[in-house]
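Being a predicted model, the structure only gives us computed values, none of them experimental. Ligands are counted one by one from 1 in listed order, and the atoms in each one are counted from 1 as well. FYI, side chains are in, hydrogens and waters are out, and symmetry mates aren't considered; it's all heavy atoms of this structure.
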Amino acid sequence: MKNKSFFIVIDGIDGAGTTTHSSLLAGYLEGEGLSIHLTQEPSNSEIGVLLRKFLKDKKIPPCTDALLFAADRSLHYYNEIKSKLDEGFIIISDRYIESSIVYQSVQSDEISIEWVKEINKFAVEPDLTIILDINPKVSLARKTQENLEKFEDTTFLDKVRELYLKRAEQKGYYVVNSDEIIEIVQEKIQKIVTDKILE
Ligand code: TYD
């Protein structure tokens with residue numbers, strides 16, 4: 001396969017397997033001889049580190065979460081994603097703007113999708129978004145119950161899932177059912193990505 005810069009995002013509810021599948025996809029594409037840059041949000045920046053801490057804290061107002069995720073993303077985009085794309089890399093990001101649009105707007109009635117889009121307008125849209133879909137009851141059963149973060153709650157994630165699916169329909173994102181064995185899900189993701197890269 002020939003390399004050209006391309007920006008892929010794997011997104012979905014907690015426990016859907018975004019991290020596992022982003023990493024397997026990166027390994028596969030590298031094996032095909034492509035230059036891959038694998039990254040994730042929250043990013044490794046100081047804002048990202050703070051966000052990971054806040055994920056354990058229910059007292060953080062949803063608007064603070066939204067603003068910090070947007071700040072982390074703008075830094076992530078300008079300092080990492082954009083420069084790697086300019087160098088010709090294929091970027092795979094485990095979560096991106098869609099996570100904010102969905103999670104933060106579901107978090108509070110005061111947060112509109114339009115506002116989340118506005119504060120994220122500095123970060124450029126990806127070329128391909130794949131949503132991993134799974135029932136939260138199944139996805140949360142994959143997690144250790146004592147260490148759950150504030151969004152890892154079935155009722156909340158039911159709403160998050162519903163909005164991901166609605167957004168996917170509106171925006172034409174690919175949706176892959178991740179309630180199957182890892183190899184099958186990964187194969188489906190690889191097929192979507194390969195077809196797109198070769199387009
Ligand atoms: P993630 O790293 O995928 O969770 P884990 O490593 O614990 O499986 O994501 C962290 C959480 O942050 C997840 O609940 C989704 C949430 N999140 C948002 O609410 N908004 C965002 O913009 C991003 C990037 C993540």
Side-chain angles (χ1 to χ4, degrees), residues 7-26 38-77 79-81 91-126 129-134 136 138-164 167 173 176 178 182 185 189:
F7 183 11
I8 304 163
V9 171
I10 313 272
D11 220 313
I13 67 164
D14 287 86
T18 59
T19 307
T20 306
H21 285 292
S22 298
S23 146
L24 288 171
L25 178 65
L38 176 62
T39 185
Q40 82 293 317
E41 291 192 353
S43 80
N44 293 328
S45 77
E46 285 172 62
I47 308 173
V49 172
L50 181 65
L51 275 165
R52 294 232 170 250
K53 200 167 125 205
F54 283 0
L55 285 172
K56 305 269 181 204
D57 189 344
K58 290 196 170 141
K59 293 198 298 292
I60 305 300
C63 57
T64 307
D65 276 335
L67 291 163
L68 284 175
F69 276 117
D72 183 45
R73 182 164 300 118
S74 58
L75 197 60
H76 187 208
Y77 177 72
N79 285 5
E80 189 175 334
I81 297 175
I91 307 286
I92 301 171
S93 186
D94 170 5
R95 300 190 175 283
Y96 192 61
I97 301 181
E98 208 55 46
S99 279
S100 281
I101 290 179
V102 175
Y103 276 81
Q104 273 62 63
S105 74
V106 171
Q107 247 187 303
S108 162
D109 290 342
E110 288 174 1
I111 297 184
S112 70
I113 290 178
E114 284 317 308
W115 180 69
V116 179
K117 281 189 196 157
E118 182 64 19
I119 59 173
N120 280 280
K121 70 177 180 191
F122 302 103
V124 161
E125 293 259 334
T129 300
I130 300 175
I131 307 295
L132 301 184
D133 181 51
I134 192 162
V138 179
S139 76
L140 288 186
R142 296 171 172 178
K143 304 241 166 191
T144 337
Q145 296 306 304
E146 312 87 73
N147 270 330
L148 290 184
E149 290 169 345
K150 67 182 173 194
F151 299 140
E152 296 176 334
D153 161 89
T154 320
T155 316
F156 177 74
L157 288 182
D158 273 333
K159 294 187 195 141
V160 169
R161 180 192 191 191
E162 206 179 300
L163 188 53
Y164 266 123
R167 293 268 314 155
Y173 298 148
V176 174
S178 79
I182 288 182
V185 178
I189 295 172

Minimum distance, heavy atoms only, to [atom]: which one of [options] is it?
{"atom": "atom 20 (N) of ligand 1", "options": "Glu98, His76, Gln104, Glu41", "answer": "Gln104"}
{"atom": "atom 13 (C) of ligand 1", "options": "Leu51, Asp14, Leu148, Leu68", "answer": "Asp14"}
{"atom": "atom 10 (C) of ligand 1", "options": "Leu157, Leu55, Asp65", "answer": "Leu55"}
{"atom": "atom 25 (C) of ligand 1", "options": "Phe54, Tyr103, Phe69", "answer": "Phe69"}

Centroid-centroid under 6.0 Å between Phe69 and Tyr103 rings: no

Non-hydrogen atom of Lys143 closer than 4.0 Å to ligand 1: yes

Heavy-atom nearest neighbour in the protein, as seen from atom 7 (O) of ligand 1, with distance rounded to 0.1 Å: Glu149 OE1, 3.2 Å

Residue, atom name and distance, where the atom is the protein heavy atom closest to atom 22 (O) of ligand 1: Ser100 OG, 2.5 Å

Neighbour count above 12 (heavy atom, 6.0 Å) for [X] [atom1]:
{"X": "Asp57", "atom1": "CG", "result": "yes"}
{"X": "Glu46", "atom1": "CD", "result": "no"}
{"X": "Glu110", "atom1": "CD", "result": "no"}
{"X": "Ile113", "atom1": "CD1", "result": "yes"}

Atoms of ligand 1 less than 4.0 Å from [X] heavy atoms?
{"X": "Arg52", "answer": "2 (O), 6 (O)"}
{"X": "Phe151", "answer": "14 (O), 16 (C), 19 (O)"}
{"X": "Arg73", "answer": "21 (C), 22 (O), 24 (C)"}

Euclidean distance, Ser178 OG relative to Ile189 CD1, rounded to 0.5 Å: 8.0 Å

Cationic N near anionic O, under 4.0 Å, Lys117 to Glu114: yes

Lys150/Asp65 salt bridge by N-O under 4.0 Å criterion: yes

Sub-3.5 Å N/O-N/O distance, Arg95 and ligand 1: yes

